[in-house]
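This report refers to the structure that appears directly beneath it.
Chain naming here is simple, since letters A, B, ... match the order of the sequence lines and numbering starts at 1 in each. Quick caveat: nothing in here was measured; it's all calculated off a predicted structure. FYI, side chains are in, hydrogens and waters are out, and symmetry mates aren't considered; it's all heavy atoms of this structure.
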There are 2 protein chains.
Amino acid sequence: MATTGTDLSRMREMNQLSIVWALRGNPPSTVTELAGRTGLSRPAVDVLVQALVTDGWAAVEEPGARSVVGRPARRYRFRADAGHALGIDIGVHKVLVMLSDLEGNLVEAVRRPADPDADPAARLATVDAAIDELLDAAGMTPSDIWGMTVGVTGPVDATGRTSLFTPLPGWGEADPAGHLAARFRCPIQVENDCKLAAVAERWKGVAQDADDIVYLLAGIRTGAGLILDGTLRRGHGGAAGEIGALKAVRWLDAPGHLAACPGVPATARPGEAAAWVFQAAREGNREARTAVRRYTRDLAVGVAALVLALDPEIVVFGGGFSRSADIILDPLQRELTKHCLRLPELRTSTLGDESVALGGLRLALDDIDKRLLSAELAAPRAPRG
Amino acid sequence: MATTGTDLSRMREMNQLSIVWALRGNPPSTVTELAGRTGLSRPAVDVLVQALVTDGWAAVEEPGARSVVGRPARRYRFRADAGHALGIDIGVHKVLVMLSDLEGNLVEAVRRPADPDADPAARLATVDAAIDELLDAAGMTPSDIWGMTVGVTGPVDATGRTSLFTPLPGWGEADPAGHLAARFRCPIQVENDCKLAAVAERWKGVAQDADDIVYLLAGIRTGAGLILDGTLRRGHGGAAGEIGALKAVRWLDAPGHLAACPGVPATARPGEAAAWVFQAAREGNREARTAVRRYTRDLAVGVAALVLALDPEIVVFGGGFSRSADIILDPLQRELTKHCLRLPELRTSTLGDESVALGGLRLALDDIDKRLLSAELAAPRAPRG
DNA sequence: TGGATATCGCTGGGCAGTTTACTAATTCCC
DNA sequence: GGGAATTAGTAAACTGCCCAGCGATATCCA
């Protein structure tokens with residue numbers, strides 16, 4: 001622990017930051033309220049918040065009619081629109097880009113379809129076009145973006161590539177961070193999509209109250225993202241959660257049980273086949289129910305391995321198949337009971353296919369905060385990386 | 001993030017603590033050296049370190065002959081003996097108690113054999129006797145102990161009990177923390193032995209350079225402890241690492257392959273049987289080699305599950321069988337290669353059977369540090385829990 | 001219109017750390 | 001042996017920051 005000495009100026013910075021924290025995420029606040037929240041005296045808060053106003057971090061709110069006695073206080077608000085973050089989901093079938101302000105409020109979102117067989121260059125061109133459209137709609141330039149995260153499939157190594165494996169054709173050699181760095185000066189993170197979805201569930205989804213979470217992505221692909229002690233765990237090589245690679249865990253083949261179900265229309269694409277089976281199972285089709293049972297049996301082994309390894313509080317059931325949670329969750333729970341020592345709570349994701357981009361936003365915002373903490377609080381601009 | 005405001009007195013505390021950190025773990029230091037390390041000015045360090053001396057946290061070192069020009073500086077050292085910590089390993093066959101000062105230097109250790117069939121009361125009596133002997137030898141009283149950790153087998157829940165399961169007879173209902181709290185006022189942690197061994201390997205063992213570690217306890221029992229991002233992961237219910245409970249992971253039966261090896265002396269106890277097999281395998285006995293291969297095959301499935309789930313940098317091979325790493329490590333590595341995406345480095349523990357008690361010391365010291373950080377630095381005494 | 005109430009803005013006091021300057025204690029070298 | 005060089009210890013003045021407290025100000029309500 002390399003605790004370093006503190007002097008007055010550093011103390012002032014800390015107090016100014018503590019006011020930023022007290023301001024952010026709260027309705028416009030009076031000096032007295034801020035003093036109460038930070039433990040500082042009113043005069044101190046007054047001086048500091050005025051410095052924040054001149055720096056552009058805070059703004060004075062026009063007082064509306066208020067029904068209190070006494071002299072109405074000025075109210076200050078955090079200027080969440082001083083900077084913005086981008087969350088980018090580069091999926092197999094779509095590209096989704098989301099823009100939020102510093103408080104995480106969604107400003108714009110642009111979705112574009114993507115060809116599953118597109119090569120990396122074409123895919124990145126789609127991303128560029130989506131970003132252009134989004135920045136245009138929001139009236140912004142690249143310099144307004146302080147941080148961004150790109151979500152991709154497959155484990156991401158330290159260089160931001162997915163060289164280990166990826167279902168996207170040719171993507172193993174792609175370098176999305178390098179590509180975007182040509183236009184954006186801000187730090188650019190690249191992260192696995194399951195991991196980002198896990199982050200999103202803890203931020204705005206069904207796992208906001210938990211610190212130890214296993215996120216299960218169940219769809220054509222199967223994957224997992226881990227949150228332990230409240231923060232995303234990447235593993236030393238970024239491959240944490242890839243339990244599906246274990247032979248005893250048949251995650252690669254598991255969705256095959258659905259596709260192989262007798263009665264599936266021959267013309268159905270993989271996702272449609274699964275939906276057909278789930279619907280048939282709902283209607284009581286025996287063969288479909290068997291297929292679902294086989295699927296969940298395979299799925300459960302991997303989940304159980306993660307649960308036993310990590311002992312999470314919650315398992316979040318996400319991914320494309322989470323729309324059919326009504327038919328999957330019960331058998332999955334039964335299977336897990338067989339395997340696990342202590343069964344964590346099982347919840348179904350509600351974020352839909354926006355979770356990856358949302359998680360990207362959260363990670364970018366976290367990174368901005370971390371840089372804010374270490375940097376001095378000058379005029380609002382992207383704190384240097 | 002509930003950042004709270006700071007005033008002058010808090011600043012002084014922080015600076016005093018920063019001097020404590022700069023003092024600790026270093027040879028006796030001059031004021032100038034401390035100023036360089038903390039970034040504070042010499043006069044400030046001078047005042048603060050003198051306050052530390054009067055409080056009893058620091059002491060002036062008698063200057064020896066020194067071959068520098070200029071006026072010789074006073075040297076100050078951290079009084080590591082101001083407080084002490086206890087690491088207690090309550091094993092199946094032994095009880096080991098270790099005493100260290102605040103810098104983690106070992107002061108005393110007492111080991112006592114334990115009857116594997118002893119009931120909890122008898123086992124705790126052995127612990128008490130060992131502690132008595134140790135405190136007596138060190139000339140200390142319970143009030144000199146600022147923190148302690150008890151290592152036990154089986155997953156430890158939030159109340160410090162091992163109700164889920166434990167190989168110790170009757171131990172599921174035992175409450176070692178409650179028992180010790182009758183004599184000791186300091187905070188008492190109870191933790192799983194594998195987890196403590198993992199902590200010890202990162203502190204003084206073969207994994208000091210890694211932040212993501214899977215510790216494998218291989219012996220009559222098989223277990224694991226996890227360190228991620230540099231800190232021990234307990235899981236929500238304290239059961240992280242219990243991958244052995246998965247049916248596909250045959251950890252419970254794995255050592256059976258050794259005991260069932262043809263040629264094992266009928267009179268041998270479990271541990272002796274394993275040692276016999278390893279020795280026979282070393283000497284080229286085909287049946288023994290087969291038994292070892294079967295053992296490692298079962299062992300590897302669980303390790304692979306942990307490796308895939310967590311993507312650690314290092315797997316530490318510990319436990320009683322680590323003495324025979326020469327004959328186990330190669331086949332284990334071969335098996336792991338089959339299962340894993342990316343093979344972490346495999347290292348053999350060198351701490352022997354002291355690792356649990358050592359890890360207990362480290363955890364107790366960490367806890368003391370955490371309390372120091374939040375409390376004011378008064379005269380040296382156990383910072384209130 | 002005047003009282004009640006709460007905020008705003010200002011001033012003096014105390015504290016912590018820095019800077020600067022000076023004195024004290026050594027060693028080195030002639 | 002004595003002076004120069006070097007480094008440590010100490011005291012003063014200075015700056016910056018927060019806090020307590022007081023009067024001024026703005027609004028509501030009777």
Side-chain angles (χ1 to χ4, degrees), chain A residues 3-20 22-23 27-55 58 60-77 376-377, chain B residues 3-20 22-23 27-55 58 60-77 376-377:
Chain A
T3 312
T4 182
T6 305
D7 63 354
L8 287 308
S9 64
R10 177 85 191 119
M11 184 170 94
R12 189 192 163 90
E13 277 173 28
M14 290 167 60
N15 284 344
Q16 209 157 3
L17 273 173
S18 88
I19 291 187
V20 169
L23 224 39
S29 312
T30 69
V31 170
T32 311
E33 287 167 359
L34 292 173
R37 250 175 254 156
T38 57
L40 296 168
S41 71
R42 284 201 307 280
V45 171
D46 192 70
V47 170
L48 291 170
V49 81
Q50 273 174 33
L52 288 174
V53 170
T54 60
D55 281 348
V60 184
E61 188 76 355
E62 283 313 304
R66 218 155 289 104
S67 62
V68 289
V69 290
R71 173 176 176 170
R74 265 200 287 273
R75 301 192 99 86
Y76 298 89
R77 64 175 175 84
E376 77 286 359
L377 209 56
Chain B
T3 313
T4 182
T6 304
D7 64 354
L8 286 310
S9 63
R10 178 81 190 124
M11 184 170 95
R12 189 190 165 89
E13 279 172 25
M14 289 168 61
N15 284 342
Q16 211 157 1
L17 274 174
S18 86
I19 290 188
V20 168
L23 225 39
S29 312
T30 68
V31 170
T32 310
E33 289 167 355
L34 291 173
R37 251 175 252 156
T38 57
L40 296 167
S41 68
R42 284 208 312 279
V45 172
D46 193 70
V47 170
L48 291 169
V49 81
Q50 274 174 34
L52 287 175
V53 170
T54 60
D55 281 348
V60 183
E61 187 77 354
E62 282 313 306
R66 218 155 291 104
S67 62
V68 289
V69 297
R71 173 175 174 170
R74 270 199 285 273
R75 303 193 96 87
Y76 298 90
R77 67 175 173 83
E376 76 285 0
L377 210 56

- Query: Nearest-Å distance, CG (B:L8) to C1' (D:dC19)?
  - Reply: 9 Å
- Message: Output the rounded distance in Å from CD (A:E33) to P (C:dA6).
- Response: 14 Å
- Which value, rounded to the nearest 0.5 Å, describes the distance between A:L17 atom CG and A:R10 atom CZ? 7.0 Å
- Partners meeting side-chain hydrogen bond (donor to acceptor under 3.5 Å, both in side chains) with B:R71 (sequence neighbours left out): none
- Which of B:R77, B:R74, B:R75 passes side-chain hydrogen bond (donor to acceptor under 3.5 Å, both in side chains) with B:E61? It is B:R77
- Message: Measure CD/A:E13 against P/D:dC17 and give the value in whole Å, please.
- Response: 10 Å
- Distance in angstrom units between B:R10 CZ and D:dC19 C1', rounded: 18 Å
- State the CZ-CD1 distance between A:R37 and A:I19, to the nearest 0.5 angstrom. 11.0 Å
- Note on the structure: note: A:M11, atom CE; D:dT15, atom P; distance rounded to Å ~ 18 Å
- Note on the structure: Taken to the nearest 0.5 Å, the spacing of A:T38 OG1 from A:L23 CG works out to 10.5 Å
- Query: Think B:N15 has a side-chain N or O under 4.0 angstrom from the OP1 or OP2 of C:dG17?
  - Reply: yes
What's touching nucleotides 8-12 of chain C from the protein side, N or O pairs under 3.5 Å?
residue, atom, partner, partner atom, Å
C:dC8, OP1, A:R74, N, 2.8
C:dC8, O4', A:R71, NH1, 3.2
C:dC8, O4', A:R71, NH2, 3.4
C:dG9, OP1, A:R74, NH2, 2.9
C:dG9, OP2, A:R74, NH2, 2.7

- Message: For the backbone of A:L52 and the side chain of A:T54, can you confirm whether one donor and one acceptor N or O come within less than 3.5 Å of each other?
- Response: no
